[in-house]
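To keep things clear, I will list the structure first and then write my remarks on it.
Every chain is numbered from 1 and lettered A, B, ... according to where its sequence line falls, protein lines coming before strand lines. Keep in mind that what you see is a predicted model, and the values were worked out from it rather than measured.
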Protein chains: 2
Amino acid sequence: MGRKRLQESADGRPTVHTVAARAGVSIASASRVLNGVGGSPETIRKVRAAAAEVGYVPNAIARSLQSQRTGLIALAVEDIGNPVYVEMMRAIESVVAASGRQLLVHATGGQIANETALLRRLAHRYVDGMIVSPIRVTDDHLAALVDSPVPVVVVGQLGADAPVDNVRTDSRAGVGLAVDHLVAAGRRRIGFVNGPLDTVPGAARDAGFRVALAGHRIDLDERLVEVGDFRYAAGRAATERLLARARPDALVCANDLIAVGALHALLAAGHRVPGDVAVVGMDDTELARMMFPQLSSVSLGSAERGHRAAELLLQRIADPSLPPRREQVPPSLAVRASSAADDMTDPNLPAPRTPEVTA
Amino acid sequence: MGRKRLQESADGRPTVHTVAARAGVSIASASRVLNGVGGSPETIRKVRAAAAEVGYVPNAIARSLQSQRTGLIALAVEDIGNPVYVEMMRAIESVVAASGRQLLVHATGGQIANETALLRRLAHRYVDGMIVSPIRVTDDHLAALVDSPVPVVVVGQLGADAPVDNVRTDSRAGVGLAVDHLVAAGRRRIGFVNGPLDTVPGAARDAGFRVALAGHRIDLDERLVEVGDFRYAAGRAATERLLARARPDALVCANDLIAVGALHALLAAGHRVPGDVAVVGMDDTELARMMFPQLSSVSLGSAERGHRAAELLLQRIADPSLPPRREQVPPSLAVRASSAADDMTDPNLPAPRTPEVTA
DNA sequence: TTGTAAGCGTTATCAA
DNA sequence: TTGATAACGCTTACAA
């Protein structure tokens, strides 16, 4: 070790020892004063003075080693560029902050390896718990979740009986809401722009779409189905491919980013929305309301799911012996201008002086 | 202590002691094998087996206390819902990941207290360094930055000679680019929708707007200036207020979120863009390209700034004795459909079948 | 190669 | 109230 119990840390910063020595008291007394527990007025004064003089800052790592907690909660999501995760994050943050902890976010990029690596690192005690929203789930991944050293709550679908706290929605039913709405509005050539089928949400939404159409006894024209990824550019490109070979009168999109891409593709190709083609997105993010026309969207209760996930996590941190729990948040549909039955402009907007807009 | 050097941790999880005892070797040998340094074939076998049997997972906190590093880098931004930070984050993440570290993001909500608290916590050693992009800077805040126990790099304007690594742009000049462009396109009644003036970027952009107009010998009509915050809803509301009292032929917006709000307000009020009113945003985020018509926007090189900031941080972590450095990234203008001189649709788009769009 | 023991910076115990 | 000392779980000299 060479250096024998000096009074400053390896990198030259003051430690409790520095403060104690300077104040002429034991490290125990110094620590007590620094933590506001006990100490005679005189001791308190000396220690505080010494700490201020040397610019003492406690080492959180050392403190955590002792206390077995860091006060940090992590949220791991696939794509932080997707506003749905921002909304979820805000909901989680409010719960986490209220408990006196801090939220850290990690974008995994949807790569399994990345997410597993995260668990294998952060979860190794840098955080007191984590909330993970995976879009692909392998056995490996599930195993990592199950025997994580810190509590984990999963937002999203998970294998049948995985012993992990889990908050889910029913995106199959969510797609159904969109289809029902469009059919009720008289649309029949309903297209679907989805994300990758090898993802959990992608697969669920595909299934939901097919089931919903069947429920209305509408034969699915496969040319009306196109797949990209869950982001804007892919949504727009996928819609362009779809439009090149088919004539939908409505488009259901697997999320709002895709829906925005679809809207752009439609408008750029000269289609009227919703006049020629109605558009319904999914996730009901702020983005849907930012568009013109505003996008109808199926809410999957992301904020609510985030809120619940955070509460489940805090409960489990408080009592790790709780049995695994599962909660479900139902989807709902927000109808806006992009699928309004009568092609009127957005009712949420002030009356336009003229409905004609050249873009 | 009650418990006298047991073989498992306080919460019942296995430790090196557990593994060592089970393998019948010393904790030193166990540690060596677990870290892949040394150990006879036989020892390696026994330790690995024992570790697997008990499901050993190293305690990262303890390891960090010893190694004085966590391999974690934090990024603190004001509003993670702003795509400009997402782009910055992606650039940072790539550099950080390449160095074998992980990036964590923290949204401060722009509240000073929050950001300072973050520094006072994360910076106390949970991370090896942080990148902060504050929009408000007080002396207190600056002091916290300066004597942070871990290296900090600031993205954004900072007091003249603060001894902190700093990557900035020139948003004053950036606003100038927008104004120059609009004036060149024949616009004269140029309005400005800004964020709060008590923020660093808000103040800089306001100054830039006034200087730019003066440079063109255009008298500023104060009715053409409106302030909200840096988000969509405020941008839209601010634009509605502005439109209620004035008739701009162009609108410069302090960021893309505001610009999207302005675009929505204009279209909803029946104005043609860019026919009646040209719109130029700022930050040149993906959002600008998602709009229809696509928004012109002043790039402040956010990705580049993020990239540089990350490199400065890694350098400083490697050598804390480096003198404070300051780098600057110049702004540039991306002209798109929303301010195209001839009111044509976006040249980036495939030829529309008809330019008339009813929304 | 192996084990003993010191040390990372902190807090908690316990006797004085 | 105070101080000496033992943890927290890990890595790493150093000696064997």
Quick one: does any side-chain atom of A/R316 pair with a main-chain N or O of A/P323 as donor and acceptor, under 3.5 Å? yes

Atom CD of B/E42 and atom P of C/dT2 are separated, to the nearest Å, by 9 Å

Separation of D/dT11 atom C1' from B/L34 atom CG, nearest Å, is 11 Å

From CZ of A/R69 across to C1' of D/dG9 the rounded distance in Å is 18 Å

In whole angstroms, the gap separating P of C/dG7 from CD of A/E8 amounts to 16 Å

Separation of D/dC8 atom P from B/I27 atom CD1, nearest Å, is 12 Å

Any donor-acceptor pair under 3.5 Å from B/N166 side chain to B/R325 backbone | no

Taking C/dG9, C/dG3, C/dA12 as options, the one with an atom nearest any side-chain atom of A/A28 is C/dA12

| Phosphate OP1/OP2 of C/dG9: any A/T15 side-chain N/O under 4.0 Å | no

Closest non-hydrogen contact found for A/Q315 with A/L322 is O-CD1, 3.7 Å

| task | Could you tell me whether the phosphate oxygens of D/dT11, OP1 or OP2, come under 4.0 Å of any side-chain nitrogen or oxygen in B/Q68? | result | no

Per atom distances to the A/R32 side chain, the nearest of D/dT11, C/dG3, C/dT13 is C/dT13

Atom NE2 of B/H17 and atom C1' of D/dT11 are separated, to the nearest Å, by 12 Å

Q.
When you measure from the side-chain N and O atoms of A/S26 to the phosphate of D/dA4, is any distance below 4.0 Å, counting only OP1 and OP2?
A. no

Assess whether one donor atom and one acceptor atom, taken from the side chain of B/R13 and the base of D/dG9, lie less than 3.5 Å apart. no

Under 4.0 angstrom between B/N59 side-chain N/O and D/dC8 OP1 or OP2 = no

Across the strands shown, which category fits B/R125 at heavy-atom distances under 4.0 angstrom: base, sugar-phosphate, nothing?
nothing

inquiry  = Quick check on D/dT1: is either OP1 or OP2 less than 4.0 Å from any side-chain nitrogen or oxygen of A/S40?
reply    = no

(Q) If we ignore hydrogens and angles and just use 3.5 Å, is the side chain of B/N35 paired with the main-chain N or O of B/V37 as donor and acceptor? (A) no

| said: Quick one: does any side-chain atom of B/S64 pair with a main-chain N or O of B/R69 as donor and acceptor, under 3.5 Å? | reply: yes

Of the listed D/dT12, C/dT11, D/dT11, the closest approach to the B/R63 side chain comes from D/dT11

Out of C/dT11, D/dT2, D/dT11, minimum distance to the side chain of A/S31 belongs to C/dT11

Problem - Donor-acceptor pair, side chain of A/S133 and main chain of A/V155, under 3.5 angstrom - result: yes

Of B/V33 and B/L65, the one whose closest nucleotide on DNA chain C sits nearer the 5' end is B/V33

For A/T43, answer base if it contacts any base atom (sugar-phosphate contacts may also be present), sugar-phosphate if it contacts only those atoms, and nothing otherwise; contact means non-hydrogen atoms under 4.0 Å. sugar-phosphate

Atom CG of A/N35 and atom P of C/dG9 are separated, to the nearest Å, by 17 Å

### Message
Quick check on D/dG9: is either OP1 or OP2 less than 4.0 Å from any side-chain nitrogen or oxygen of B/S9?
### Response
yes

Assign each of B/I61 and A/G39 the nucleotide of DNA chain D bearing its closest heavy atom; nearer the 5' end lies the nucleotide of A/G39

- prompt: Do B/Q66 side-chain and C/dG7 base share a donor-acceptor contact under 3.5 Å?
  reply: yes

